[in-house]
Amino acid sequence: MGKEYETVIGLEVHVELATKTKIFCGCSTEFGKEPNSHTCPVCTGMPGSLPVLNRQVLEYAIAVGLATNCDITRYGKFDRKNYFYPDNPQNYQISQLYLPICRNGGVEIETKEGGKKTVGIHEIHMEEDAGKLIHDEWEDCTLVDYNRSGVPLIEIVSEPDMRSAEEVIAYLEKLRLIIQYLGASDCKLQEGSMRADVNLSVREAGSQEFGTRTEMKNLNSFKAITRAIEGEKERQIDLLEEGRKVIQETRRWDDAKGESYAMRSKEDAQDYRYFPDPDLVPIVVSDEMLDEIRAKQPEFRTEKMKRYKEEYNIPDYDIEIITGEKRMADIFEETVAVCNQPKKVSNWLMGETLRLMKEKEVDAADLRFSPENLAKLIELNDTGVINNTVAKEVFEVMFDSDVSPEKYVEEHGLKSVNDEGALRKTIEAVIAENPQSVEDYRSGKEKAIGFLVGQTMKAMKGKADPAMVNKILKELL
Ligand code: ADP
Ligand code: MG
Ligand code: ZN
């Protein structure tokens, strides 16, 4: 009782690579198409068909390995992991057990206390994804779609170096950013292009040995991962406190119920009868290939943050948020390249963009408006063609469907009315119709002018410049 426990966590992260075609055949990897329309004898496991490795898969895997400080295996191979399941038409998955493409890496994360810590990467290997089973309760049957069968994956296996949910999230964020910056995947947890299995054990604080671990699957958001870790930690501590043992097993986390349940006992490598795949030639990574990939590595976040500070002179907070998403950083840089107004571009991203992303639940990776259109909008606003209110209104339409702001303003007659004469007439009418407010203002209630400005803007359908309305109102009153 009252014992202190430490949580030990290691992750197995699967990432779907953004190649156009599958890992061992020429079928498209495109998502959401008619079931079984992207299939061929190779990815449906027909006898006699022969796999050929997609070079882009190897390049992405190496690029991720270099970016995570791994050693690259120069002479590697693929192995067959044998098991029967209807989503696995070959009865084996082509994976890498003995000679994974990358080993002995690690990434640095920031801990809650503000310190830094390295999470080791045991290995990264390449493998193929399985098909998808669809359980149709209506027809009381199970259907299978092999479009995903043979989609390339890398599996990144960490060392058991994490000690809390915060560290796990920091590690996943770090991986996600590196991979997004490389363009190797969009890493969307919700859509399954990034999936994390959490291995967790607890031990008495100060103990040198690891406790027995469980593995949790089915975690598709950072929030679910955090809840699953908290839940599993409690469950294991309770078992130990009762003098019972943790059983090594795979558990499925039910996020709706907030509890996990046992799926199957943990299988060992020998259960899969791994052996080298005789259909694939060994993977030889030449010096030239490594140099080529190294030369193509992009600017990563730390360097980008430094450059933004020197080049754009925007606040640190803006830099932090913008470089925190590859797509944001791309939009930012491309828009600034067109309009050369870093602070204004940053304001649109930090303000309206973040607000609408939250309101409409849109991922940064799915932002649709083009840098050209954002630059144009800024120009229209700057030159007084449209006022701030209208600019926001147009931006929202751009956010949804990337319309040209110029065209939209034109077609909807949203240009500011800069004709002082017309404005003056409207204001005179507003004054005439609202004697009470006029009276209030004249007797010292400064606030009353706000109402009159509002009425004028309404009469002008929002197309007047509020500063100008204010000025004329004050003159006339
Ligand atoms: P297996 O080959 O059985 O899947 P691994 O040694 O490859 O086991 O480990 C799988 C994952 O589990 C790795 O991410 C590793 O860091 C993690 N892990 C291993 N032992 C423990 C433990 N005692 N507690 C928590 N995580 C662990
Ligand atoms: Mg494993
Ligand atoms: Zn195919």
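All residue numbers refer to positions in the sequence shown, counting from 1. All ligand and atom numbering here is 1-based and tracks the order in the structure.
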Does the distance from a Lys or Arg side-chain N to an Asp or Glu carboxylate O, for Asp279 and Arg80, drop under 4.0 Å? yes
Under a 4.0 Å N-O cut-off, is there an ion pair linking Arg327 with Glu325? no
Quick one: does Gly211 get an N or O within less than 3.5 Å of an N or O on ligand 1? yes
Hey, are Asp145 and Lys132 close enough for a salt bridge, meaning a charged N less than 4.0 Å from a carboxylate O? no
Under 4.0 Å from a heavy atom of Glu159: give me the atoms of ligand 1 that qualify, with their elements. 16 (O)
Can you sort out which atoms of ligand 1 are near Val157, meaning under 4.0 Å from one of its heavy atoms? 13 (C), 14 (O)
Would you say Pro160 and ligand 1 have an N/O pair spaced under 3.5 Å apart? yes
Does one side chain, of Glu16 or His14, offer a donor that lies under 3.5 Å from an acceptor on the other? no
When Thr214 is tested against each of Glu232, Glu249, Gln248 for side-chain hydrogen bond (donor to acceptor under 3.5 Å, both in side chains), which residue passes? Glu232
Could you tally the protein N/O/S atoms lying less than 2.8 Å away from the Zn ion (ligand 3)? 4
Look at Arg195 together with Glu155 and state whether they make a salt bridge at an N to O cut-off of under 4.0 Å. no
Mutual orientation of the aromatic rings belonging to Tyr274 and Tyr98 [parallel < 30°, tilted 30-60°, perpendicular > 60°]: perpendicular
Among side-chain atoms of Ser201 and Arg213, is any donor-acceptor pair under 3.5 angstrom? no
What pairs of donor and acceptor atoms, side-chain ones from residues 22-33 against any protein atom, are under 3.5 angstrom apart with sequence neighbours left out?
{"residue": "Lys22", "atom": "NZ", "partner": "His38", "partner atom": "O", "Å": "2.7"}
{"residue": "Lys22", "atom": "NZ", "partner": "Tyr146", "partner atom": "O", "Å": "3.3"}
{"residue": "Lys22", "atom": "NZ", "partner": "Asn147", "partner atom": "O", "Å": "3.0"}
{"residue": "Lys22", "atom": "NZ", "partner": "Ser149", "partner atom": "O", "Å": "2.9"}
{"residue": "Ser28", "atom": "OG", "partner": "Glu30", "partner atom": "N", "Å": "3.0"}
{"residue": "Thr29", "atom": "OG1", "partner": "Thr19", "partner atom": "O", "Å": "2.7"}
{"residue": "Thr29", "atom": "OG1", "partner": "Lys20", "partner atom": "O", "Å": "3.1"}
{"residue": "Glu30", "atom": "OE2", "partner": "Lys33", "partner atom": "NZ", "Å": "3.3"}

Note: ligand 1 atoms sitting under 4.0 Å from heavy atoms of Val8 are 24 (N), 25 (C)
Is any NZ, NE, NH1 or NH2 atom of the basic residue among Glu372 and Lys376 found under 4.0 Å from an Asp or Glu carboxylate oxygen of the other? no
The atoms of ligand 1 lying under 4.0 Å from a heavy atom of Phe210, numbered in the order shown, are 23 (N)
Nearest option to atom 9 (O) of ligand 1, as decided by whichever heavy atom of Arg203, Arg213, His122 sits closest: Arg213
Contact region, Leu11 to ligand 1, non-hydrogen atoms below 4.0 Å, reads backbone
With heavy atoms under 4.0 Å as the rule, classify the contact between Glu215 and ligand 1 as side chain, backbone, both or neither. neither
